[in-house]
Amino acid sequence: MAYVALYRQWRPQDFENLVGQEHISRTLKNAITVGKIAHAYLFSGPRGTGKTSTAKILAKALNCVQGPTPTPCNQCPNCEKITTGTSMDVFEIDAASNRGIDEIRDLRETVKFSPVDGRYKVYIIDEVHMLTTEAFNALLKTLEEPPGHVVFILATTESHKIPATIHSRCQRYDFRRIGIKDIQERLQDVVKGAGLDVADDALKLIATHAEGGLRDALSVLDQCAALDSGTITAVKVRQLLGLIGHEWVWKMTDALADRDASAAMLTLDELIVMGKEVRQILLELALHARSLMLYKAAPNIESVELYSDELPILEKHSAKFTHNELVNMIQTMHEAANEAKWSPEPRITAEVALLSVCRRADNASLESLVERIELLERRLSGSAAATISERAFQPQPDRAVQVPVKPKIQEKPAIAATVADSQMTVSHNEQKHEAVPIGTSNIKDVWDNMLKELLSTGKRSVHACVSQGHLISLDDKQATIQFTANFPKERTEKDDYRAILETVLAGICGHQVQVRCMLGAASPPPPKAAAEVKPKPANPNQDAVTDHPVLREAVKMFGGNIVKQE
Ligand SMILES: [Zn+2]
């Protein structure tokens, strides 16, 4: 005997077994009991939520030998014929493949004849929104003056495409997406009845993935059962559905939480090598971020289905993100997932999205900006004035080679006021190397030669990575390369790349040089030749004051120029 798909074997045969649509079965049962049967019904709702099943149950309720009854017997010849699809009184029409006016004209001809076995002729028109305008008009004629023995059941997933004239002549029933719990319970019944061996978490995964459609859930279960004869586990379901899986999503979320760009890129690479789809990766990350957002907002909420309800994970990850960061992350992932649909290189889309989450600014929120402004205001007024003039007269470190370096972007906004200090520290630390300053033009030559050498020796990937940075200082012990992005910086710092660079630099400089990498917010201006350096202003103190880090920070934040007040 031919195999009958699970969803057909387990199609509900009476209103009691209709899953998740109690509001509809109750109303229909009442209507049948009191004999108020409409001429046309419109069943609308997502696919796989029981529209066709309900239509068939209604047909049986009307035509059962013991009917019309809200509880068809399912044993009389009429019921059996409807179940097997051989009834002469129940017509199932698929409007997706019979959408023209001719089919509807044929229908109008047959409508006139009385039913053969039962009391009613029932026309079930599936996907009715697919009909052409002419076909709708022809159908409308029949709906306007239907013979008393005819019941139309129009089913659609897109009720907004049904003309208002048709709408107004139908009793409308909206089918809901079926809840995950309901689907899971129904799956459990089926598993028991069909003698399958399925793990609980596998069932839950199938139920979650079905997005409210029981038919989809049963189809997946069917496929899993066909895959092999052993126990159906969550791992097998995930494989079948092409899902990424919790462990990988946790790993990626860890990387994003720690702003670890290299770990994020490596994880993405591993997933792609495993054949996972880029969009699915982004979507599951968004789902997990949503879970974290909801958990943060309402930790005790139970009715909402989460991507994972493992408390330790929710607690751990939600503590690492702010609410705004999670909202931004969800938006970024969704936008990227949409873009990946059309992108010729979806992988790049994912990389851009993941890196932008890794490089999210700590100070993006309004509160922290306000905090920074207040801090600056306090420092600029009153007590700060003394500090500024005091510091202005302190000797500045020699900056022939040093380019002022901003602190790492990772630093918290609260310490913005210490920008000045950290800059001084960086400069002083550099001095401890007893730098023998090398002219800026030399630095540029060394850098250019190094890049050329990398290319000529075939170290293309090293070149591609390193060339995203700039050599900002070089003395007889150390070369400092500044990057604006974390990923190339961390990659260059790894032993293999650094060793290559140090060898090349040693060849160019004639002595061993240690490579150091750092992050800077913006790329420094191209180094000017020594001769081009502008002469110092006449009043060195004035220059020192306007050059004070706090003032520079203020100018950057508020714009404008510093004017000397006499
Ligand atoms: Zn019956």
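Ligands are counted one by one from 1 in listed order, and the atoms in each one are counted from 1 as well. From a predicted model like this one, the values you see are computed outputs, not experimental measurements. Just so it is clear, the values below take in all heavy atoms, side chains as well, and ignore hydrogens, waters and symmetry mates.
- With sequence neighbours left out, the ring pair (Phe, Tyr, Trp, His ring centres under 6.0 Å) criterion links Y123 to F91, F152.
- Counting all heavy atoms, side chain and backbone alike, A95 lies closest to I125 at CB-CG2, 3.9 Å.
- Annotation: cation-pi pair R491/Y497 present, NZ/CZ under 6.0 Å from the ring centroid and within 45° of its normal.
- Side chains of I178 and R186 form no contact here, defined as non-hydrogen atoms less than 4.5 Å apart.
- Only protein N, O or S atoms were scored, and 4 of them lie under 2.8 Å from the Zn ion (ligand 1).
- Between E16 and K29, at least one side-chain N (NZ, or NE/NH1/NH2) sits under 4.0 Å from a carboxylate O, which counts as a salt bridge.
- Between G50 and F175, the shortest heavy-atom contact is O-CE2, 3.5 Å.
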